**Student:** 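Okay, here's the structure, questions in a sec.
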Amino acid sequence: MTETSSRQTTDLPPAWEPATVEAELYQRWVDAGYFGADPHSEKPAFCIVIPPPNVTGSLHMGHALEHSLMDALTRRRRMQGHETLWLPGMDHAGIATQNVVERELAGEGRSRHDLGREEFVERVWEWKAQSGGQILNQMRRLGDGVDWSRERFTMDEVLSRAVLTIFKRLFEDGLIYRAERIINWCPRCHTALSDIEVEHTEDEGELISIRYGHGAASIVVATTRAETMLGDTAVAVHPDDERYQHLIGTEVELPLTGRMIPVVADEHVDPEFGTGAVKVTPAHDPNDFEIGQRHQLPALTIMDERAVITAHGPFEGLDRFEARPAVVAALREQGRIVAEKRPYLHAVGHCTRCGTVVEPRLSLQWFVKVAPLAKAAGDAVRDGRTTIHPPELAKRYFDWVDNMHDWCISRQLWWGHRIPVWYGPDDKVVCVGPDDEVPEGEGWHQDPDVLDTWFSSALFPFSTLGWPDETADLARFYPNHLLVTGYDILFFWVARMMMFGLYAMDGAQPFDHVYLHGLVRDPSGKKMSKSRGNVIDPLDWLDRFGADATRFTLARGANPGADMAISEEWAAGSRNFGNKLWNATRFALLQGATAAGELPSREELTDADRWILDLTDAVVSEVDRMFEDYQFAKLCDALYHFTWDELCDWYLEMAKVQMAEGGERAVATRAVLGHVFDRVLRLLHPLIPFVTERLWTTLTGGESLVVAEWPTATGQRADATAARRIAGVQKLVTEVRRFRSDQGVKPGQRVPARLSGVDAAGLTELASGIASLARIEAPGDGFTASASFEVALSGGTVHVELDLSGTVDVAAERKRLAKDLAAAEKELAGTEAKLGNPNFTDKAPAEVVAKIKARRDVAAADIERSTARLARLPKD
RNA sequence: GGGCGUAUAGCUCAGCGGAAGAGCACUCGGUUUACACCCGAGCGGUCGCAGGUUCAAAUCCUGCUGCGCCCACCA
């Protein structure tokens, strides 16, 4: 052992202790400036903008997954020599954050109105400072290689300028308008919601049928929201419905109110459903609103913003859910209830933020006219400017952008970008851009509403780069190369970034690729939620298993677009893997491995050396390819399998034998070990940056893996003979171990053995390795073979004789042979049946037929061997 | 009501036309000086059900059943 290696390895404790090292390594990377992007460099650019986490709390496992993948992709590109920018940021998350702070206030027995708008907003900023700090800290813990100098927040001054700029541009292009419409209203949040902020669930209700009017001039309608009848201004029937021809154009009496309302004919009514007659409440139902428009019906608002009845009469002041049974009771008293159907399951909309049942409400709101924007957003994916991975999810995207309704963007909240429109005397309306003068004077006031939070996040791919200014960053890093996000916000965010990006950047797409990951679920595949109590906190894993283990676990579960179930066992497994890598590299260092020198020529290497080098090469290209396809789960498995099974369980054991030979052999082995570990550490670095960094800098003396070169395959032709021989060694060793295990030979006990036919298999030079791995030793003078068997290899058959000192377990051996025999007989029967079928031999490709023939021959030989061995066994 | 996806070992999932795989769990055996966060050996599946296409089907097609997700203004 050289002096250098012993000095190096004393640095490494016998187990990987993430907690003590991660923070220090991360700080070193930041200090070295590795994560900073230079827009003026000559390198090819790679830019990925973070899906900004909401400042509502701390990061959850979904974020940890997203960040692990983004960091892995970015680190690989950086190692490949790209100018990488991973831009961090956070989202003000309007309604969500306002709700959090309002809840906090409620705990103090206060509401936002007690504070007033200015003070409340101030309070939210305080919350943001605290929550944002937590998030940034978690990102450091995870090892996110983000450019901290470019950190952004959706309500930063620069990003707010972008909001004003695009609002004004859309306004002037007629793509933003204000209109009185039926919108989704949350009576708890007291704000309008866009369509996608409403979640429909199948709820239990009651469908009641009510008779309007009297006698021949009566008609029966059905409803699940009885209280809305107070605002009815018509009954509608289908124009061709013969049952109601006599009523069209007449009026019927609306119960409880005494108002006379017309019966109108409208195509929208389905004569097949219910009675074929519909009550029309233009102010409280979107369909009815449209019917009202077509027939110039008045819209009667009967509820306030809390969904409390305002219609004069006995129900005034009742909440909608109190009014409903009250109205039904009153109708029943008057004999107006014709039928009741309960339970009646129907889809009910809920506020995605608080779960309250949404109330359709007629109000004056701002909208984005999406048709032209959505068309462009669809086309960009259709013509391949932007690629969605996995492609199956593109269909969902098209379904949505092709059928999108106008987007209600005004929110009756205080936290967010205030709508930049001023109203003045004589109905004057002025949209104020970032550089415009704010109108002043008597009678001017700004719109009190703020914008939907997704309005500003839709600008993130370019507002973060300085738009609307023509910055160097914008020129260099737009379009972003990749967006990594969950499929659950495909509509909320991705589609809207596409719309606004294409619009603001003159048709240039916001990103070339979109990778959609799945949701992180609990061990049994259920969604994690606070109410279920099955939430796993990433911080807990970071503390107990380390960042590498957390990241590897998440990446290993990430199949494109598919959800994953995670559990502590997985995290522990990943931690074990890190520790395995740690000790394997430590072992290589103990052997004096170094990655500094050149590899010896192929002629000077053993079959084992050539085999592991070829395998390393194969893994390099395999992993590289899978990175290109975002096949994280598969590339993690490939690396796990290579490192643990091939490198540690086989090559390292063979290397021990080679090291024991000393001399040139040991020198060559050190070089091979150094080379292979150098490669595997580089490959693993994007996934598990900390442990690899620590090991690699020790192994190579290099500055940092963060800026080390990404490995590429040598293109050297794989040595098929070496591969075949090592496969032979593996089979032979495994067979001997299996035999020993069956025979109950203690694992540590060396057994005298004689191998014959070895030369035929070309295994002579590997004999000492085989002896070591199979724990056999050269036959001594008193050798008496008490057990023997054959192992069929591709180069021949090896006959193995073992001296078990007369302790052969005949029963165990007979059992094994019987099992082998049964398997071989089944195989023989199957293959012969196949080969006996002329259709198969005629139509199947020659190589397939040859393979089946080979299998049949092997099976036949196995049967022969097993039968002979069985016959040789003593009778008991 | 539309659309999409999925059903493979006890669990979580790969495989998607030519010999059923991985990790974890489980059983047995281990003081094998890199690692017990380990090593070795093993157990475990008529690939949801029923048809069809094919020389050949877990893999393609049809139907059914279960589960999941997305979209939706049938009162």
Side-chain angles (χ1 to χ4, degrees), chain A residues 9 12 14-16 182 195-196 200 207 209 221-225 228 236 268-270 272-281 285-290 346-347 349 360 392-393 395-396 399-400 403 487-488 490-491 519 521 523-525 527 545 549 556-557 559 561-567 569-570 572-591 633-634 637 640-641 648-649 652-653 656 733-734 737-742 744-750 772-773 775 827 830-831 834 837-845 847-849 851-852 855 859:
Chain A
T9 46
L12 300 182
W16 164 238
I182 295 271
D195 290 346
I196 49 176
H200 293 269
L207 183 69
S209 302
V221 299
T223 181
T224 53
R225 297 190 295 151
T228 61
H268 165 81
V269 179
D270 176 6
E272 304 293 320
F273 186 86
T275 58
V278 185
K279 61 190 277 302
V280 182
T281 325
D285 185 279
N287 292 317
D288 295 6
F289 179 77
E290 302 213 341
H346 63 137
E392 304 91 82
L393 286 169
K395 195 178 174 330
R396 263 194 210 178
D399 283 348
W400 197 69
N403 302 295
Y487 65 74
D488 55 326
L490 187 59
F491 307 143
L519 271 35
R521 296 173 174 276
S524 55
K527 206 168 172 174
F545 303 110
R556 203 177 176 196
N559 284 304
D563 293 352
M564 71 176 84
I566 56 159
S567 70
E569 286 74 42
W570 283 85
S574 300
R575 180 253 273 135
N576 296 353
F577 177 60
N579 192 240
K580 187 72 179 175
L581 183 68
W582 177 264
N583 275 294
T585 313
R586 210 172 126 251
F587 170 75
L589 285 163
L590 281 167
Q591 300 301 318
K634 290 192 179 84
D637 263 352
Y640 182 97
H641 174 250
C648 292
D649 288 348
L652 286 192
E653 294 308 318
K656 286 176 185 173
V733 168
T734 302
R737 284 171 175 170
R738 188 166 77 135
F739 184 83
R740 290 173 50 118
S741 182
D742 281 350
V745 179
K746 294 288 173 205
Q749 187 190 331
R750 299 250 169 196
S772 169
L773 289 160
R775 308 207 72 72
E827 177 74 358
T831 47
K834 208 153 196 189
N837 178 352
N839 273 325
F840 169 71
T841 41
D842 289 355
K843 293 186 184 173
E847 68 208 58
V848 174
V849 177
K851 237 196 253 177
I852 302 286
R855 276 170 50 200

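Note that these values count all heavy atoms, side chains included, but never hydrogens, waters or copies made by symmetry. In this text the structure is predicted, and so the values were computed from the model without any measurement. Chain letters run A, B, ... following the sequence lines, proteins first, then strands; residues in each count from 1.
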**Student:** Under the rule for side-chain hydrogen bond (donor to acceptor under 3.5 Å, both in side chains), what residues qualify as partners of A:Lys746, not counting sequence neighbours?
**Tutor:** none
**Student:** Using the P atom as the point on both nucleotides, what is the distance between B:A56 and B:G15, in whole Å?
**Tutor:** 26 Å
**Student:** I'd like the P distance from B:C49 over to B:A7, given in whole Å.
**Tutor:** 13 Å
**Student:** Using purine N1 to pyrimidine N3 plus N6-O4 or O6-N4 for Watson-Crick, or N1-O2 and O6-N3 for G-U wobble, both under 3.5 Å, which nucleotide pairs with B:G10?
**Tutor:** B:C24
**Student:** So, OP1 or OP2 of B:A14: does either fall under 4.0 Å of a side-chain N or O from A:Asn559?
**Tutor:** yes
**Student:** Sugar-phosphate atoms are those with a prime plus P, OP1 and OP2; base atoms are the rest. Using that split, label each nucleotide of nucleotides 69-75 of chain B B, S or - for protein heavy atoms under 4.0 Å, 5' to 3'.
**Tutor:** BSSBBBB
**Student:** State the pairing partner of B:A50; accept Watson-Crick or G-U wobble contacts with both distances under 3.5 Å, and report none otherwise.
**Tutor:** B:U62
**Student:** For nucleotides B:G17 and B:U54, find the distance between their C1' atoms and express it as a whole number of Å.
**Tutor:** 9 Å
**Student:** Quick one: label A:Arg855 by what it contacts on the DNA or RNA (base, sugar-phosphate, nothing), any heavy atom closer than 4.0 Å.
**Tutor:** base
**Student:** Name the nucleic acid region contacted by A:Ser567, choosing base, sugar-phosphate or nothing; use a 4.0 angstrom heavy-atom cut-off, strictly under.
**Tutor:** nothing
**Student:** Is the side chain of A:Asp285 donor-acceptor paired with the backbone N or O of A:Asp288 at a distance under 3.5 Å, no angle test?
**Tutor:** yes
**Student:** Rounded to whole angstrom, note down the P distance from B:U62 over to B:G44.
**Tutor:** 36 Å
**Student:** How many angstroms lie between atom NE2 of A:His268 and atom CG of A:Asn287, to the nearest 0.5 angstrom?
**Tutor:** 4.0 Å
**Student:** How close or far is atom P of B:G23 from atom CZ of A:Arg556, stated in whole angstroms?
**Tutor:** 8 Å
**Student:** With RNA chain B as reference, determine whether A:Glu827 or A:Met564 sits nearer its 5' end, using the nearest nucleotide of each.
**Tutor:** A:Met564
**Student:** Report which part of the nucleic acid A:Arg737 touches: base, sugar-phosphate, or nothing (heavy-atom distance under 4.0 Å, all strands).
**Tutor:** sugar-phosphate
**Student:** Quote, to the nearest angstrom, the P distance that separates B:A72 from B:A14.
**Tutor:** 28 Å
**Student:** About how many Å separate CZ of A:Arg855 and OG1 of A:Thr831, when rounded to the nearest 0.5 Å?
**Tutor:** 6.5 Å
**Student:** Does B:C38 have OP1 or OP2 sitting under 4.0 Å from an N or O in the side chain of A:Asn576?
**Tutor:** yes
**Student:** Between B:C13 and B:U8, how far is it from one P atom to the other, in whole Å?
**Tutor:** 10 Å
**Student:** So which nucleotide does B:C16 pair with, by the Watson-Crick or G-U wobble rule with both distances under 3.5 Å?
**Tutor:** none
**Student:** What integer distance in Å separates A:Glu569:CD from B:G10:P?
**Tutor:** 18 Å
**Student:** Return the value, rounded to whole Å, for the distance between atom CD of A:Glu847 and atom P of B:A56.
**Tutor:** 19 Å
**Student:** What does A:Pro838 touch in the nucleic acid at a heavy-atom separation under 4.0 angstrom: a base, only the sugar-phosphate, or nothing?
**Tutor:** nothing
**Student:** Using a 4.0 Å heavy-atom cut-off across all strands, classify A:Phe577 as base, sugar-phosphate, or nothing.
**Tutor:** nothing
**Student:** Could you check which nucleotide pairs with B:U32 in any of the strands shown, counting Watson-Crick or G-U wobble with both distances under 3.5 Å?
**Tutor:** none
**Student:** Mind calculating the distance between CG (A:Asn839) and P (B:A56) to the nearest angstrom?
**Tutor:** 8 Å
**Student:** Looking only at heavy atoms, what is the nearest atom pair of A:Pro14 and A:Asn579, with distance?
**Tutor:** O-ND2, 4.5 Å
**Student:** Ignoring hydrogens and angles, tell me if any N or O in the side chain of A:Asp563 forms a donor-acceptor pair with the backbone of A:Leu519 under 3.5 Å.
**Tutor:** yes
**Student:** Using nucleotides 29-33 of chain B, report all nitrogen or oxygen pairs with the protein that are shorter than 3.5 Å.
**Tutor:**
from: B:G29; atom 1: O3'; to: A:Lys746; atom 2: NZ; distance (Å): 3.3
from: B:G30; atom 1: OP1; to: A:Lys746; atom 2: NZ; distance (Å): 2.5

**Student:** Applying a 4.0 Å non-hydrogen cut-off, can you work out what A:Ala584 is touching in the nucleic acid: base, sugar-phosphate, or nothing?
**Tutor:** base
**Student:** Within the structure provided, determine whether A:Glu653 and A:Asp649 are in side-chain contact (heavy-atom separation under 4.5 Å).
**Tutor:** no
**Student:** Is there a donor-acceptor pair under 3.5 Å between the side chain of A:Ser741 and the backbone N or O of A:Arg737?
**Tutor:** no
**Student:** Report yes or no: is there a donor-acceptor pair, N or O only, under 3.5 Å between the side chain of A:Lys580 and the base of B:C35?
**Tutor:** yes
**Student:** Under the 3.5 angstrom rule, does the side chain of A:Arg740 hit a backbone N or O of A:Gln749 as a donor-acceptor pair?
**Tutor:** yes
**Student:** Grab the NZ-P distance between A:Lys834 and B:U54 for me, whole Å please.
**Tutor:** 16 Å
**Student:** Classify the nucleic acid contact of A:Trp582 as base, sugar-phosphate or nothing, counting any heavy atom under 4.0 Å across all strands shown.
**Tutor:** nothing
**Student:** Paired with B:C69: which nucleotide, if any, by Watson-Crick or G-U wobble criteria at under 3.5 Å for both distances?
**Tutor:** B:G3
**Student:** Would you kindly give the CG-to-P distance between A:Asn579 and B:C35, to the nearest whole Å?
**Tutor:** 10 Å
**Student:** Given the P atoms of B:G29 and B:A20, what is the spacing between them in whole Å?
**Tutor:** 32 Å
**Student:** Taking atom P of B:U6 as reference, at what distance in whole Å does atom CG of A:Leu393 sit?
**Tutor:** 11 Å
**Student:** Within a strict 4.5 Å, meaning less than it, do heavy atoms of the A:Ser772 and A:Lys656 side chains meet?
**Tutor:** no
**Student:** Which of the following nucleotides, B:G3, B:G18, B:G42, is nearest to the side chain of A:Pro845?
**Tutor:** B:G18
**Student:** Side chains of A:Asn583 and A:Trp16: closer than 4.5 Å at any heavy-atom pair?
**Tutor:** no
**Student:** Would you mind reading off the distance between A:Arg575 atom CZ and B:A36 atom P, rounded to a whole angstrom?
**Tutor:** 12 Å
**Student:** Could you tell me the separation between the NZ atom of A:Lys580 and the SG atom of A:Cys648, rounded to the nearest 0.5 Å?
**Tutor:** 5.0 Å
**Student:** Would you measure the distance from the P atom in B:A19 across to the matching atom in B:C11 and give it in whole Å?
**Tutor:** 27 Å
**Student:** Just checking A:Arg740: base, sugar-phosphate only, or nothing, at a heavy-atom cut-off of under 4.0 Å?
**Tutor:** nothing
**Student:** Please classify the nucleic acid contact of A:Leu490 as base, sugar-phosphate, or nothing, using heavy-atom distances under 4.0 Å.
**Tutor:** nothing
**Student:** Can you tell me how far CG of A:Leu652 sits from CZ of A:Phe587, rounded to the nearest 0.5 angstrom?
**Tutor:** 5.5 Å
**Student:** Could you check whether A:Lys634 gets within reach of a base, just the sugar-phosphate, or nothing at all, counting any heavy atom under 4.0 Å?
**Tutor:** sugar-phosphate
